[in-house]
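As structure tokens, the structure follows; a few thoughts come after it.
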Amino acid sequence: MTARGQSVRFAGISRSFGPVRALLTTDLEVSAGEFLTLLGPSGSGKTTLLNIAAGYLEPDTGRVLIGGRDVTDLPPRRRNIGMVFQNYALFPHLSVWENVAYGLRARGVPSAELERRTGAALELVQLAGYGGRAIRQLSGGQQQRVALARALVIEPDVLLMDEPLGALDRQLRQQVQLEIRRLHHAHGRTTIYVTHDQEEALVMSDRIAIMREGRIAQVGGGEELYLRPRRAFVAGFLGESNLLRGTVTATRDGRAVIAVPGLDRPIEGIAADGLAVGGTAAALVRPECVRLTHAPGASLTGQLVERVYLGELVALRLRLPNGLIILCRCLARDGVRGGDMWGVAWEPGDVRILPDDAPPEASTKIVGQ
Amino acid sequence: MLTAAASRRLVTGALLVPTVAFLAVAFVVPVGILLKLSLTEPAGPLSTYADILGSWVYTRVFRNTIVLGLMVTAIAVLLGYPTAYMLTRLKGFALTLAVYGVLFPLWISVLIRTFAWILLLEKHGPVNRMLVGTGILDAPAAFLFSNTGVLIGMVHVLLPYAILPIYANMLRIDSRLMLASDGLGASPWRTFRRVYLPLSMPGVGTGAVFVFLLSLGFFITPALLGGANNMTVAMLIENLVNDRLAWPLAAAASFLLLAAVLALLAVTARFVKLDTALEAR
């Protein structure tokens with residue numbers, strides 16, 4: 001994979017809409033050829049940041065650099081970007097061919113080269129032979145591919161995509177995700193991708209920036225974010241999680257202990273940065289790290305309230321004595337069935353103690369399905 | 001027993017009955033009588049049509065009417081397009097004010113507005129005084145009883161009919177298409193020419209057809225502001241009925257105007273789809 005496209009750097013970017021601070025001061029660096037996803041709930045500022053990269057929005061403060069060139073004051077047409085909009089924004093009065101050729105015509109590309117590059121772009125998205133069609137004759141998935149071809153044909157320094165798969169049904173979405181990933185691997189074009197779908201982010205990205213309330217909560221590879229989240233919000237947003245909220249009682253040698261109201265036993269785990277004794281924190285235990293044992297002799301017991309068979313896995317919900325619900329996933333063949341009371345256990349190495357910044361109503365629920 | 005579809009058709013039909021009945025009595029029957037009237041000249045059933053088409057004077061009136069209509073249409077669309085665009089950019093109180101500004105003239109009688117233009121445009125009226133006073137003209141211009149006066153008056157009356165369909169069309173253009181064009185490297189002028197203008201053409205077509213059709217039947221404004229050289233078909237028909245009592249000839253002139261309108265509509269329908277223009281995006 002050779003990197004085509006340029007690095008993108010956001011330096012001290014912020015933006016407000018009237019009294020609403022959509023984006024607090026943000027720094028982010030996307031390297032050349034990288035696929036970076038801005039992931040977050042709606043209103044987290046991810047689309048604002050994308051539009052600032054494209055030039056559709058001006059930042060209140062800070063600079064945007066593409067390939068080291070300061071483009072903050074340039075309009076979109078002078079930034080050499082490829083933008084894919086949520087509902088594609090294809091030109092309804094132009095044919096598929098003319099839609100794709102649009103950016104080349106605007107650049108005054110000679111006709112022989114224009115023919116060649118437009119044809120190649122349509123071939124790339126497997127729409128060769130569709131050039132003469134009208135946009136409204138295409139299915140949603142085909143329109144999505146035309147939008148992609150139109151953005152790629154101009155060989156942009158950076159490809160920007162704003163929830164481009166939002167309008168597709170689930171099955172098609174998964175197909176197109178893999179398609180976009182394949183294209184990115186083949187061409188290595190710097191891509192900034194906006195979505196609120198964590199699975200989509202995990203499938204496609206080199207790195208994910210999780211955004212919340214106008215700031216980036218954490219940036220990293222999918223595995224890193226899942227295994228080593230730095231804040232309870234990140235843990236809750238990516239994957240399913242058990243977050244047991246309490247008060248930090250001790251920190252030592254990279255480990256921390258919290259007391260959870262209603263549990264006799266303190267919980268110990270690997271400490272994240274930013275913990276203080278006496279402060280609030282949450283213990284993260286992923287459902288697949290929860291082990292069930294036979295109840296007699298266990299230090300923590302739970303009552304089995306739900307068992308959902310998922311094929312190779314079963315998803316279980318257990319109620320702890322203090323009323324908290326613990327999610328557990330285990331292999332179906334390990335045969336957790338029958339019985340009402342189970343011992344609940346985990347390895348201390350599988351627990352992370354995180355500063356608690358998630359809204360309380362999200363605690364120990366399945367977040368993000 | 002009626003099927004659901006049949007009873008739905010019956011209800012639709014019943015809802016249409018009052019309008020159809022009214023139009024039949026008030027429109028179709030009189031038009032039929034007029035058609036019969038145009039064919040009842042003693043010299044032969046089609047002699048009235050032959051008289052009009054064979055007369056240099058009458059055909060010139062028809063040509064005048066159509067040329068005047070085309071000029072009014074062109075000016076109204078050229079003035080209406082930027083006005084409609086401006087309306088799409090306004091919000092809140094400014095928009096309300098501007099929309100009322102466009103609609104307000106429609107609420108005042110054409111007669112009153114035309115008399116107002118006579119006062120404004122007369123030889124020693126405010127317009128001439130201003131033009132001469134500022135040195136733009138050396139001597140007062142003869143706006144009245146000329147093509148200029150008729151054009152000014154008719155454009156003023158018909159402008160809202162150009163603005164409103166264009167505005168309605170522009171509102172439905174997806175603003176992200178312009179962003180997309182910008183992002184693809186197109187200059188603002190190119191974005192306008194390749195995206196905005198083509199997408200607003202259905203509205204322009206609808207507005208132009210409205211203005212043109214209305215201008216063909218215009219009577220008061222050309223009659224009051226125009227001179228003898230600017231006779232339109234409507235004035236001719238009035239003259240034939242009231243002064244010469246030549247009813248069959250007037251009826252034939254009406255039908256020739258109707259035929260011209262239908263022919264022009266048939267041609268424009270190839271370029272402008274009136275039904276889709278109302279829902280175009």
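Quick caveat: nothing in here was measured; it's all calculated off a predicted structure. A note on names: the letters A, B, ... follow the listed sequences, proteins ahead of strands, and every chain is numbered from 1.
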Decide side-chain contact (heavy atoms from CB on, under 4.5 Å) for B:R190 and A:R105; before the verdict, give the C-alpha distance in whole Å, the side-chain angles of both, and the deciding distance to 0.1 Å. CA-CA 10 Å; B:R190 187 182 190 86; A:R105 289 200 196 283; 3.2 Å; yes
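B:L177 has its side chain within reach of A:P92: a pair of non-hydrogen atoms, C-beta onward, lies under 4.5 Å apart. Put simply, the side chain of A:F91 does not reach to within 4.5 Å of the side chain of B:R194, judged on heavy atoms. Side-chain contact between B:L179 and A:M83: absent, with no pair of heavy atoms (C-beta onward) separated by less than 4.5 Å.
The CZ atom of A:R79 sits 10.0 Å away from the CG atom of B:D182 when rounded to the nearest 0.5 Å. In this structure, CE on B:M178 lies 11.5 Å from OH on A:Y56, to the nearest 0.5 angstrom.
Legend: residues meeting side-chain hydrogen bond (donor to acceptor under 3.5 Å, both in side chains) with A:E163, ordered by chain and number and at least two apart, are A:H196.
For residues 117-132 of chain A, the salt bridge (charged side-chain N to carboxylate O under 4.0 Å, His left out) pairs, not counting sequence neighbours, are A:E113-A:R117.
Proximity to chain B (any heavy atom under 4.5 Å) is restricted, for A:L94, to the side chain, taken from C-beta onward. When heavy atoms are compared at a cutoff of 4.5 Å, A:I81 approaches chain B by way of both its backbone and its side chain. Of the two parts of A:N87, the backbone and the side chain both hold a non-hydrogen atom closer than 4.5 Å to a non-hydrogen atom of chain B.
Within 6.0 Å of CD in A:E29 there are more than 12 heavy atoms belonging to other residues, nucleotides or ligands. The environment of A:R182 atom CZ is dense: over 12 non-hydrogen atoms of other residues, nucleotides or ligands sit within 6.0 angstrom. More than 12 heavy atoms of other residues, nucleotides or ligands sit less than 6.0 Å from atom CZ of B:R176. In B:Y161, the OH atom is not crowded: 12 or fewer heavy atoms of neighbouring residues, nucleotides or ligands sit closer than 6.0 Å.
The candidate with the highest count of non-hydrogen atom pairs below 4.5 Å against chain B, out of A:R107, A:R150, A:H93, A:R78, is A:H93. Between chain A and the residues B:A186, B:P198, B:S187, the largest count of heavy-atom pairs under 4.5 Å involves B:A186.
Between A:Y102 and B:V195, the shortest heavy-atom distance links the atoms OH-CG2, 3.4 Å. Between B:A180 and A:A89, the shortest heavy-atom contact is CB-O, 3.9 Å.
A donor-acceptor pair is defined here as one N or O able to donate and one able to accept, closer than 3.5 Å; no such pair exists between the side chain of A:R77 and the backbone of B:P188.
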